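Structure, as structure tokens:
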Amino acid sequence: MSDRIDWWRIQFGEAEQAQMTAAVDQRCISQGPLTAQFEARMAEMLDVPHVVATTSGSMALYVSLLAHGIGPGDEVMMPNRAWIATAHAARLVGASVRLIDDEPDRPVMDLGDLLKKISPRTKAVMPVHLNGRAVDMPQLNRIAEEHGLVVIEDAAQALLSRNAAGYLGCQSAIGCFSMSLAKLMSTGQGGFMATRDEGLWQRLCSLRTHGVENVLQPVYTTGGFNFRFNDILASFALVQVDRLPARVKRLIEIYRRYETGLAGLDFLRLVPVDVASGEVPLYSEVSSERRDEVIRFLDGEGIQARPFYPTVKTARYLGCEDELPHSTRQCGRSFFLPCGPDQSDDNIQRVIETLRRFPGR
Ligand SMILES: *Cc1c(COP(=O)(O)O)cnc(C)c1O
């Protein structure tokens, strides 16, 4: 029996170790010059004026809402099919969560459903570009402008993913990115925000440091907290910035291998990502009515597959009552096959061959 195949594989090595040692040697361990350097590199890569690093993608979502003064009495709209972090960010600032269904044929937030649910309490919309798939940003921005809503993108799964207008996460007030383990770039924990708005940028920097950063006179100008990043992790991230284009290329390669290898299977299909338009398939996501059986079968063959997250609506404490049929159906069927920028061709091949032997297919 060959080695177990993990669902996600990303590799770190001597370059990261060397950079971290150098950071320690320079006594750069808290938020300092390396964090600033990382922010500048990321801003350049995404072609936005400002990037603000913080402790996690979840924190980025939370601080972005804080920066807009969203809180109790306000309602924040977001997709039902998403990672729970987006909903928890809204909840933590005291706002209520209104869930939006997916499009019938594409697992992204349905803007028709969103339009129907806008109320006088709605203050913000948080589109989630899950697995690199673009929510229709030009259309969403038009709706938001008409109804006076703030748009904050959850682009945690969409770093370097594009639509016709450019990079996702750079097409609204603030885009939020994550550097947790199963993301395109990883520092273990970490995240950052991208914004084109000078005022917002200053507010984010202030909020990150108890309201006293970028203030010329040492007075307390605004409430804030400690959401600072640190230079050790920034050094870890800086090594990876140059590798991102190669990682994107590799993820597309893996996606194509699955696309070819799984063609013709009737019990399972690859959930499409629009690679031709610039979307990056961070994960190799498949859909099957027999999901749990398939995952168990793969597990018995030494292959780890990971079911998609439960819908946000299943978090009962959020109190969401809407019927959300499309996202619910898709969530129940989706799972991730082994992927990640450092997953080998041999592993992908073994997964494909194993799936082609799935009993009763
Ligand atoms: C990973 C992720 C987050 C949260 O990022 P963390 O860095 O893990 O806090 C938020 N939203 C989505 C869609 C994610 O995949």
Side-chain angles (χ1 to χ4, degrees), residues 7-8 10 35 38 42 51-66 76-93 97 99-100 102 107-109 124-135 137 151-161 167-169 171-172 174-194 204 208 225 227-230 233-234 236-237 240 247 251 271 273 279-285 306-315 318 327 330-331 334-336 339-341:
W7 87 273
W8 177 256
I10 189 167
T35 300
F38 165 65
M42 241 22 258
V51 162
V52 179
T54 186
T55 51
S56 70
S58 303
M59 188 59 84
L61 294 164
Y62 172 66
V63 185
S64 298
L65 289 168
L66 275 188
V76 180
M77 303 182 119
M78 63 191 67
N80 180 40
R81 184 179 189 270
W83 173 231
I84 194 78
T86 327
H88 281 167
R91 190 54 185 239
L92 202 58
V93 298
V97 169
L99 296 178
I100 309 301
D102 276 358
V108 297
M109 187 166 74
V125 186
M126 302 177 91
V128 184
H129 305 298
L130 269 192
N131 199 12
R133 285 185 207 97
V135 173
M137 289 308 294
V151 182
I152 295 166
E153 291 166 274
D154 179 341
Q157 297 184 8
L159 181 57
L160 298 187
S161 199
Y167 287 123
L168 301 176
Q171 301 179 26
S172 61
I174 304 175
C176 300
F177 296 87
S178 163
M179 296 189 285
S180 65
L181 193 60
K183 299 288 152 72
L184 187 67
M185 173 164 57
S186 176
T187 53
Q189 300 294 339
F192 57 91
M193 297 162 274
L204 292 172
R208 180 171 64 172
F225 214 66
F227 308 133
R228 294 181 197 99
F229 198 49
N230 70 71
L233 293 185
F236 201 91
Q240 293 174 58
R247 283 187 184 166
L251 290 174
V271 185
V273 172
E279 293 180 358
V280 176
L282 182 62
Y283 308 127
S284 295
E285 182 183 353
R306 193 178 131 150
F308 197 85
Y309 340 107
T311 60
V312 175
K313 183 182 167 173
T314 59
L318 295 174
S327 48
Q330 186 62 40
C331 262
S334 272
F335 61 108
F336 303 119
C339 53

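In each ligand, atom 1 is the first atom listed, and ligand 1 is the first ligand listed. These values consider heavy atoms only, across backbone and side chains, with no hydrogens, waters or symmetry-generated copies. Numbers here are sequence positions counted from 1. Just so it is clear, the model here is predicted, and its values are computed rather than measured.
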*With sequence neighbours left out, write down each residue that passes side-chain contact (heavy atoms from CB on, under 4.5 Å) with Arg306, or none if nothing qualifies.*
Trp7, Tyr309, Phe336
*Given Thr35 and Arg228, is the side-chain hydrogen bond (donor to acceptor under 3.5 Å, both in side chains) satisfied, shown in steps?*
CA-CA 10 Å; Thr35 300; Arg228 294 181 197 99; over 6 Å; no
*To the nearest 0.5 Å, tell me how far Cys331 SG sits from Phe308 CZ.*
5.0 Å
*Looking only at heavy atoms, what is the nearest atom pair of Val128 and Thr86, with distance?*
CG2-OG1, 3.9 Å
For ligand 1, what N or O to protein N or O distances fall under 3.5 Å?
unit_1, atom_1, unit_2, atom_2, d
ligand 1, 5 (O), Ser178, OG, 3.2
ligand 1, 7 (O), Gly57, N, 2.8
ligand 1, 7 (O), Ser178, OG, 2.7
ligand 1, 8 (O), Ser180, OG, 3.4
ligand 1, 9 (O), Gly57, N, 3.4
ligand 1, 9 (O), Ser58, N, 2.8
ligand 1, 9 (O), Ser58, OG, 2.5
ligand 1, 11 (N), Asp154, OD1, 3.3
ligand 1, 11 (N), Asp154, OD2, 2.7
ligand 1, 15 (O), Gln157, NE2, 2.8
ligand 1, 15 (O), Lys183, NZ, 3.0

*Quick one: is the NZ or CZ of Arg208 closer than 6.0 Å to the six-membered ring centre of Phe229, and within 45° of its axis?*
no
_Using side-chain heavy atoms (C-beta onward) and a distance below 4.5 Å, is Lys183 in contact with Gln157?_
yes
